[in-house]
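These numbers were taken from a predicted model, which means no experiment stands behind them.
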Number of protein chains: 2
Amino acid sequence: MTKLRGKQTTQRILNAAAGIFSDVGFEGARVDEIARVAGVNKAMIYYHIGDKKALYARVIHHAFGNAVEQFTRNIKSTQSPQNKLRAFIRTVVEVVDRHPELAAIMLREQASGGKNLPETVAQDLARIVGIISGILAEGAQKGVFVKTIPFVVHMMIIGAVVFLKMSSPIRSKFPALSDTLSISGDKVSDMAAAEIENLVLNAVRK
Amino acid sequence: MTKLRGKQTTQRILNAAAGIFSDVGFEGARVDEIARVAGVNKAMIYYHIGDKKALYARVIHHAFGNAVEQFTRNIKSTQSPQNKLRAFIRTVVEVVDRHPELAAIMLREQASGGKNLPETVAQDLARIVGIISGILAEGAQKGVFVKTIPFVVHMMIIGAVVFLKMSSPIRSKFPALSDTLSISGDKVSDMAAAEIENLVLNAVRK
DNA sequence: GGATGGTTTAACTAAATAGTTAAATTATTC
DNA sequence: GAATAATTTAACTATTTAGTTAAACCATCC
């Protein structure tokens, strides 16, 4: 019971922290505010997790935890390179839709040069880049993809998905941008995701 | 002399602020720190510019000021759709290379749903999206581009360029990511930029 | 040199901040 | 029920924060 209570408290803290770090960044986040949103006394954050930096690392790790597993689960070795690439893109969409806070936090880390990024997350990222490199290399070897720079393709996919997802509130907010994508909403829409697939498959097709 | 002195003071404040806002975001930035970096007394920020929010808006506007003009200057109506698109991409690279603080601040704004974004900047963004929409529509009409969603293509280009630029310090920092792009450095390298051009032109080619 | 206007400074204000402490409360075990 | 351990609380600490104020300083003009 005590163990369960501690876990629930920790979970509430991590959820609140994820939202606030994604909204105002590490330096802009207030531990008092995180405590308030989590519905706990501030000292409990220090008791259960640690200082602000430890909390941040925990949030990222918690959200990033199984992204790599999702990629390896969704991409089967028996698939063609084209279908592997499609599965990769779909997984990116899935991860970003399920963890918008993670996407926002990663945007902020990019903006500050990875200043508060734990080493473990960098390793996860490297593995994901390894996956797409493998797909593109296989496609090139089988003569169905052009030879290209895998990291650039990776950036195009991640960039398009994340920017589409993250720009949704901005588009809603400003009338000038409302018409840029006729289908709006919180999710990366199926139509937009399909278009990213088409464009990326076209881009690498030999 | 007095006028010149006020201008120079303002410039120093804006430069310092741009760096700090890009590094730690709006909420994370400290007016005291901006003043220290600018080498001025804090009250001068309030005298010359105004409160923190006014300073932020001024920084964005100052950096964004002539981005739209750059696009219209670089893209000639006599060019083919393909060359227009190339010029568009090259301009994105140029703007991001010249104003990395702008790119970082825009990443942060995306992360927080455009919370502190002035309306004028949204209008500038809409005009840029209008430019690429025009290029793609012209290409489709001339039968050289597929019919697509212009905003998605825009996000792919912006996302790739910005992520490549912004991920450079992260790649330098973490050994696990050092091999992802064999040519590193601060600029979006010519090779990477050329590859983005190739991939995007391939993606939209009919 | 004095008047005027612009710029800068040092000190201030009220509130907020990350982290700490020790007591109170709750849960578990025998 | 008592002892022990885990969790939570309220208050605290020293520092920092955005913004303000009035005086000092500087530049220009007649």
Parallel, tilted or perpendicular: which fits the ring planes of B:F26 and B:Y56, with parallel below 30° and perpendicular above 60°? perpendicular

What's B:N41 touching, base or sugar-phosphate or nothing? Going by heavy atoms closer than 4.0 Å.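 The answer is base, as B:N41 lies within the cut-off (heavy atoms under 4.0 Å) of a base atom.
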
Length of the [atom1]-[atom2] vector between [X] and [N], whole Å:
| X | N | atom1 | atom2 | value |
| --- | --- | --- | --- | --- |
| A:D51 | C:dT17 | CG | C1' | 14 Å |
| A:K7 | D:dT7 | NZ | P | 12 Å |
| B:M44 | C:dA10 | CE | P | 11 Å |
| A:I49 | C:dT20 | CD1 | C1' | 17 Å |
| B:I45 | C:dT9 | CD1 | C1' | 14 Å |
| A:K52 | C:dT20 | NZ | P | 14 Å |
| B:Y47 | C:dA10 | OH | C1' | 17 Å |

Per the atom types in the model, does the base of D:dG19 pair as donor or acceptor with the side chain of B:K42 at under 3.5 Å?
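Side chain to base: pair found, below 3.5 Å.
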
| query | Do the charged groups of A:R90 and A:E197 touch, with an N to O distance under 4.0 Å? | reply |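 Judged by the 4.0 Å cut-off on N to carboxylate O distance, A:R90 and A:E197 do form a salt bridge.
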
Salt bridge between B:E27 and B:K52, side-chain N to carboxylate O under 4.0 Å?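 Salt bridge: no.
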
**Q.** Nearest-nucleotide comparison on DNA chain C, the residue closer to the 5′ end among A:G50 and B:V40
**A.**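 Here B:V40 is the residue nearer the 5' end.
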
- Query: Is there a donor-acceptor pair closer than 3.5 Å between any side-chain N or O of B:R108 and the backbone N or O of A:D23?
  - Reply: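 Looks like no, no N/O pair under 3.5 Å.
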
Using atom types as modelled, flag every donor-acceptor pair under 3.5 Å from a side chain in residues 130-138 of chain B to any protein atom, sequence neighbours excluded.
{"from": "B:S133", "atom 1": "OG", "to": "B:V129", "atom 2": "O", "distance (Å)": "2.9"}
{"from": "B:E138", "atom 1": "OE1", "to": "B:K84", "atom 2": "NZ", "distance (Å)": "2.7"}
{"from": "B:E138", "atom 1": "OE2", "to": "B:K142", "atom 2": "NZ", "distance (Å)": "3.1"}

From the candidates C:dT20, C:dT9, D:dA18, the one with an atom nearest any side-chain atom of B:A43 is C:dT9

Listed nucleotide nearest any side-chain atom of B:Y46, set C:dG19, D:dA18, C:dT8: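 Output: D:dA18.
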
Residues in residues 21-38 of chain A with a heavy atom under 4.0 Å of DNA chain D, by number, are none

Side-chain N,O (B:T9) to OP1/OP2 (C:dT7) below 4.0 Å
no

Any B:H48 side-chain N or O less than 4.0 Å from OP1/OP2 of C:dG6: no

Any chance the side chains of A:T148 and B:E195 put a donor and an acceptor closer than 3.5 Å?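 A donor-acceptor contact under 3.5 Å links the two side chains.
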
inquiry  = Do B:R86 and B:N83 pair up side chain to side chain, a donor and an acceptor below 3.5 Å, judged on atom types alone?
reply    =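 B:N83 and B:R86 do have a side-chain donor-acceptor pair below 3.5 Å.
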
